[in-house]
Every structure is written in C-alpha cells, then in structure tokens.
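Worksheet for the structure shown next.
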Amino acid sequence: MSAASPASTRRKSAPSRPIAVVTVTALISLIVSTMQTLVIPIAPELPRLVNAAPSDTAWAVTATLLASVVVTPVMGRLGDMYGKRLMMLVSLSFLVAGSFTAALSDSLAPLITGRTLQGLGRVRKVRPARFVGTRW
C-alpha cells in the first residue's frame, strides 16, 4: 500500500473566473448606486406623494445612508465569521425586501422602513483575502 500524496488528497478549488467576478461586482455597484440616488430626483415631490412634511421626508435619504454606515462593519465581521457569500445573499435579501416595501408604500413610515432595509442591503466592495493589501 502506498500512501496518498498530499497533492491528491487536497480538494480541487473552483476554477477562477475573474471576468465574471468583475462583471458581477460592477453590476452590483451600479445597482447600489442607483438605489441610493433614485429618491433624489423626486425629493421635491416626496412630501406631496406621501402626505408628510418636507423635513420628515428627508429621512428617506438619511435612513438609507445611516443604515449602510452601521451595517458595513457588521457585515464585514459576519462575512469573516460565516462566509462572504452568505452575507452577500443576506444583504441581497435585505435590498429586495426594502425595495418591495418602499415601492408599495403610500405613506412615510413604510417608505422609511423600506429605505432602511435597502441601506442594510448595501454592501461595499468585498475583497477576497488574496487581494487584501493590493490594489484592484
């Protein structure tokens, strides 16, 4: 009996697909940017659309930014603990739930709730460990 060589006992990693990774990352960045700026053009009309004071409707923008600032380091840490793929899927589910909530809202509270969920779904650049300390 011969001992198995270390090379044969290692798991084969998935083939690298840099073009697909860059394309998906660019598409996600585009979607997240659009989600953030989507409410800006309708900001003057928002008080009339949701029957609220102009000072209250400013929270539709602020809630998204505030939630994304809070969730970024938390998702980074959870990504290190449980895997970045799982955290990306969780973020995507927050983004989709927030989009549906905001799109179906007819008053200010559900709109702000939806925008907050969208902020929780914002994920900044997720760098694989091999790229830490390098430039893309």
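These values consider heavy atoms only, across backbone and side chains, with no hydrogens, waters or symmetry-generated copies.
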In one Ile/Leu/Val/Met/Phe/Trp/Tyr side-chain cluster, 4.5 Å: I112, I40: yes
Flag if over 12 foreign heavy atoms under 6.0 Å of CG, L104: yes
N/O donor-acceptor pair under 3.5 Å between R115 side chain and A60 backbone: yes
Separation between CZ of F100 and CG of L95, rounded to the nearest 0.5 Å: 10.5 Å
Sub-4.5 Å side-chain heavy-atom contact between L46 and L111: yes
Name each donor-acceptor pair under 3.5 Å that joins a side chain in residues 48-56 to protein atoms two or more places apart or in another chain, with its distance.
unit_1: R48; atom_1: NE; unit_2: E45; atom_2: OE1; d: 3.0
unit_1: R48; atom_1: NH2; unit_2: E45; atom_2: OE1; d: 2.9

Closest contact, heavy atoms only, L117 versus T101: CD1-OG1, 4.2 Å
Separation between CG of L108 and CH2 of W59, rounded to the nearest 0.5 Å: 11.0 Å
V39 side chain reached by I42 side chain, heavy atoms, under 4.5 Å: yes
Joint cluster assignment, Y82 & V90, ILVMFWY side-chain distance < 4.5 Å: yes
Among M81, M75, R77, side-chain contact (heavy atoms from CB on, under 4.5 Å) partner for M87: M75
Cluster link L89 to V71, ILVMFWY, side chain under 4.5 Å: no
V70 to V74 - nearest heavy-atom pair and separation: O-CG2, 3.5 Å
Exercise: identify the closest heavy-atom pair between L65 and S68: O-OG, 2.9 Å
